[in-house]
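Quick notes on the structure that follows.
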Amino acid sequence: MGSEKDEQFAMFEEKVKRTVYVDNLSLQVTEPVLRTALDQFGTVVSVHFIPNYTEPINSSQCALVEMKDSKEAKSVITVIAQFPFMMSGMPRPVRARPAEVEMFDDRPVKPGRKISFRWLESDDPDFEVARQIKRLSKKHVAEAAFLVKQHMAEEEKLAKQQQETLKGNYKKYEIVDSVMADGTARRLAKHYNMRISDD
Amino acid sequence: MVETEQVENVEFQWGKKKGIGGKKKDVTFYESFTYDGVEYFLYDSVYLYKEGEPEPYIGKLLKIWQNPDKTKKVKILWFFRSCEILNYLGGVDTRENELFLASGNGIGLANINSLEVLAGKCNVLCISNDSRNPQPSDEALKKADFVFCRTFDVGKQEVCNEICDKIAGVEVKLLLNKADSSKDVKRTDKDGKDASGIAIVNTQLEDPSGRDISNGELTLTTNDSSLEKSTKENVDLKGSIEKSSNEEKSSAHAIERGIGMGKTSSIIKHENILGDKVPPKLKIDSNEKPGNAKDVEGRVKSLRESAEVEHRPAKKTKLDSSVQLSPGKTENDIEKLGVDHNNGDTLASSPKALVSEDASRAKNVKDSHETKGSFLKKPKLDEKPTKVSNGKNLKASSLIHGEVVEVTRRPDADRSRWFKGLPWEERIKDAHEQGTLVLIQNLDPSYTSGEVEDIVWHAFNESCTAKMIQKTANSMPHIGQAYVVFKTKEAAEKVVRKLHEGCLLLANGSVLVGSFETPHLSSKKQTFFGHHCIDKLRHQMQREMKGAVSTSHCSQPNTIEYDMAMEWCLLQERSELVGKQLFKQQEEELRKLKSKLKSR
């Protein structure tokens, strides 16, 4: 029984090794999109989107993509780290990481682990410490939530700023374009006695 | 009886033949058979044990036949316990001992099994008001192990209140209560016998003392007449069989389910002797959390004690040894033991019971003890109930603060998973609306959902379904979180309150935190920052994007897109660094605090 579990866990660890964790995915990204996108680096075996129920504002997706072997998984991670990789939109790139055991939903129980616990009595010397631990961890959770919020705000800011830049750039090109289109350029050339035609 | 010769093997005998069938007319169908001293009929409800399952499956015999190769098969129509189809009940109230009859078409309706897997009969009554269903008497209801009035459609996966005309090709009339009420009573009594059947089968599986038990079975047959004589309460032989089976039943119930708190063994014995009155208290459905081994143990002790107090203490050891292990005991020994028991019994029971030095009487009582011995063994030998009782004990000890509790698999951990649950998204949403959703924090992130369920079971004695929140790049490395859905709002509130008031210290030094949290479920209003397009081109873009599958590319360094992508990368790196820094700091704080714990 034990060896069977060990084996199962070893198999699972293999799976972890050939899996890539991808995040910063747009909400429009679906399984076929992700599959096609990463198929160019190897063979995608399976795709699993990690649902997220806790983060207060969550507007990007993350997913686990299992490749054929760990070599392929590595190459996906290197390529995406080297070149900003766009999926279902731009310019925010997706990010790829090696997957970790805890990311999997259906992970088997780690063999040989024993869990034990005890209820502390209120006169136990550890009781107060335990309460403090509880408070501290609550604080930590709050801090982490704040960080996520902050990060989201920054993302939004950057997105807005980039949108402005893009608009500005687009306007510039439009003006340049229209100068050619509505004959202004030709009139000016005539005025200054310049040749603008390509011949 | 015939079985007398077959001490070693589990007895088996075919009953009434029903017909022959199969392609070559070589399959014989039967209406009844006797297996291990229990007579089974078509459409009886039966228990089926499966290795590793804490509670037996329950089903109805739909077909009984023997293949040409002499293998005996039964077709079983399943009953579902409410906990097995919890996700489909949709908050419908169920009785504690309510079962759901499988109906419709699909996986989980019926199975063909070897006849040998039967572990005993189960007394299931239909309490539906349906006109086709003969209403059970109150008395019969009290005796019933389980009741059912609804069906579970395995195809549609929903609970139906109406019972349809045919289930698995069988007229539903046959599956409801039997029409003849007197027969019914007889049936229930026979069912009593099966309870013993289970115990016996169990012990035989796990214990070489099978011979001993079958001995008990044998004498049981002799005892009938003697009991009849000695008590002079019964008119016919049948009655005495009923009695003895009742005896077994009550003791089986007492031990298996550990009910009748505060009842002394003498009372139980008393009932045993009186036979036909099975105390209603002992009759409790098995949906109730299975028995407390300690309780049983206690009873065994008190039983022994009473024997000791009232009789020669020297005999007590013998009694003990027989209760624990007595294969190959000499007849003489058993006889003596029987006498001993006999005395004990008569004293413990009421003066109504006649004291008789008659050897057969002694044998009779001995027999009842013998069988009882096998029941008593059950909690010890059978792995499953032990585990169950563990759970109970743990519950008790969780109330006694300060004790370290080892978390093992909880009893119903490996429930049959025939049906996939609803998607978690919906379950969490429903549970949140019903107030049964609790977020438990401070777990070890490496725990699996199953382990969280185990912890909850051991700590609060509540069963639940848990989902570990999967780790992402943003999640905290030192705090694991899980959503836990309880069966009732009260249970959820209890758990949150207990976690708030008390401190549940895990072995790794974490203290669990529980709270009602609003889950963040995907709503359509979300926006994803960072994907831009030119307003004028948006329309065209959207059209192109629709149905597009290949939308990915690597950015080239000489574009504006690349520049912007770099800005994003910068932001991502920065926030990750900040996160890492924060988590490192937090872990340090936590480590310091944990080192203050004296018990570690």
Side-chain angles (χ1 to χ4, degrees), chain A residues 23 26-27 32-33 36-37 50 53-56 58-60 62 83-93 95 97 100 102-103 105 107 109 115-121 124-127 129-130 132-134 136-138 140-141 143-144 147-148 151 154-156 158-159 162-163 166 170, chain B residues 398 401-407 428 441-442 445-446 448 451 455 469-474 476 479 481 483 502-507 511 513 519-520 526-532 534 549-555 561 564-565 567-569 571-572 575 579 582 586 589-590 593 596-599:
Chain A
D23 66 357
S26 150
L27 298 171
V33 172
T36 337
I50 299 180
Y53 307 120
T54 41
E55 281 174 18
N58 174 48
S59 55
S60 72
C62 39
F83 306 99
F85 191 72
M86 307 293 157
M87 214 180 281
S88 287
M90 27 191 181
R92 182 170 169 182
R95 196 167 61 155
R97 294 284 162 83
E100 289 164 47
E102 287 83 28
M103 291 171 174
D105 190 29
R107 59 178 181 264
V109 176
I115 306 171
S116 62
F117 66 84
R118 63 195 182 105
W119 286 96
L120 292 178
E121 263 172 89
D124 194 298
D126 287 343
F127 192 77
V129 186
Q132 280 174 23
I133 292 179
K134 268 206 274 189
L136 185 66
S137 55
K138 275 181 193 162
H140 286 174
V141 172
E143 281 171 356
L147 197 70
V148 171
H151 176 65
E154 269 179 58
E155 276 181 4
E156 194 177 353
L158 180 65
Q162 288 191 341
Q163 185 71 47
L166 203 62
Y170 187 72
Chain B
S398 72
H401 283 253
E403 222 171 288
V404 177
V405 179
E406 182 108 347
V407 175
I428 285 188
Q441 289 168 322
N442 246 350
S446 65
T448 62
E451 282 172 319
I455 292 174
I469 287 162
Q470 288 162 266
K471 194 184 165 185
T472 64
N474 297 333
M476 312 171 76
I479 293 182
Q481 312 184 86
Y483 270 119
C503 287
L504 194 150
L505 183 70
L506 286 171
V511 184
V513 175
H520 175 257
Q526 285 179 354
T527 47
F528 177 79
F529 300 120
H531 281 179
H532 312 301
I534 315 298
V549 173
S550 186
T551 57
S552 59
H553 63 273
C554 280
S555 208
E561 174 199 79
M564 288 183 169
E567 287 176 9
W568 278 102
C569 287
L571 181 71
Q572 282 169 6
S575 65
L582 176 75
Q586 287 182 346
E589 283 173 17
L590 205 61
L593 203 53
K596 283 191 197 166
L597 283 173
K598 291 192 178 63
S599 58

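Chain letters run A, B, ... following the sequence lines, proteins first, then strands; residues in each count from 1.
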| request: For the residue pair A:Pro84 and A:Pro91, establish whether any side-chain heavy-atom pair is separated by less than 4.5 Å. | output: no

| query | Taking B:Asn442, B:Leu571, B:Ile479 one by one, which has the highest count of heavy-atom pairs under 4.5 Å against chain A? | reply | B:Leu571

| task | Run the numbers on B:Leu597 and A:Ile133 for side chain to side chain contact (heavy atoms under 4.5 Å, CB included), then give the verdict. | result | CA-CA 10 Å; B:Leu597 283 173; A:Ile133 292 179; 4.0 Å; yes

| message | Which atoms of A:Leu147 are under 4.5 Å from chain B, going by heavy atoms: the side chain, the backbone, both sets, or neither? | response | side chain

| said: Once rounded to the nearest 0.5 Å, what's the spacing between atom CG of A:Asp126 and atom CG of B:Leu505? | reply: 7.0 Å

| What part of A:Glu100 is in contact with chain B, defined as an atom under 4.5 angstrom from a non-hydrogen atom: side chain, backbone, both or neither? | side chain

| Rounded distance (nearest 0.5 Å) linking atom NE2 of B:His553 with atom CZ of A:Phe85 | 8.5 Å

| note | Note: vs chain B, highest number of non-hydrogen pairs under 4.5 angstrom among A:Lys134, A:His151, A:Lys138 is A:Lys134

| query | For B:Leu504, is it the side chain, the backbone, both, or neither that has a heavy atom closer than 4.5 Å to a heavy atom of chain A? | reply | both

| task | Specify which of A:Glu102, A:Glu154, A:His140, A:Met103 makes the most heavy-atom pairs with chain B at under 4.5 Å. | result | A:His140

| Between atom CZ of A:Arg107 and atom CD of B:Gln470, what is the distance when rounded to the nearest 0.5 Å? | 8.0 Å

| query | Quick one: are B:Val513 and A:Val141 in side-chain contact, heavy atoms under 4.5 Å? | reply | no

| note | Bottom line for A:Asp23: the part with an atom under 4.5 Å from chain B's heavy atoms is side chain

| task | Report yes if the side chains of A:Ser60 and A:Arg92 come closer than 4.5 Å at any heavy-atom pair, otherwise no. | result | yes

| remark: Turns out that what part of B:Leu582 lies under 4.5 Å from chain A's heavy atoms comes down to side chain

| request: Counting only heavy atoms closer than 4.5 Å, note whether B:Gln441 contacts chain A via side chain, backbone, both or neither. | output: side chain

| chain B contact via A:Arg97 - which portion, at a heavy-atom distance below 4.5 Å | side chain

| task | Please lay out, stage by stage, how A:Leu158 and B:Trp568 fare under the test side chain to side chain contact (heavy atoms under 4.5 Å, CB included). | result | CA-CA 8 Å; A:Leu158 180 65; B:Trp568 278 102; 3.7 Å; yes

| For the candidates B:Pro445, B:Ala473, B:Ala565, B:Ser446, which exhibits the highest count of non-hydrogen atom pairs separated by less than 4.5 Å from chain A? | B:Ser446

| request: For each of B:Gln586, B:Glu567, B:Gln572, B:Met476, tally heavy-atom pairs with chain A at distances under 4.5 Å, and name the one with the top tally. | output: B:Gln586

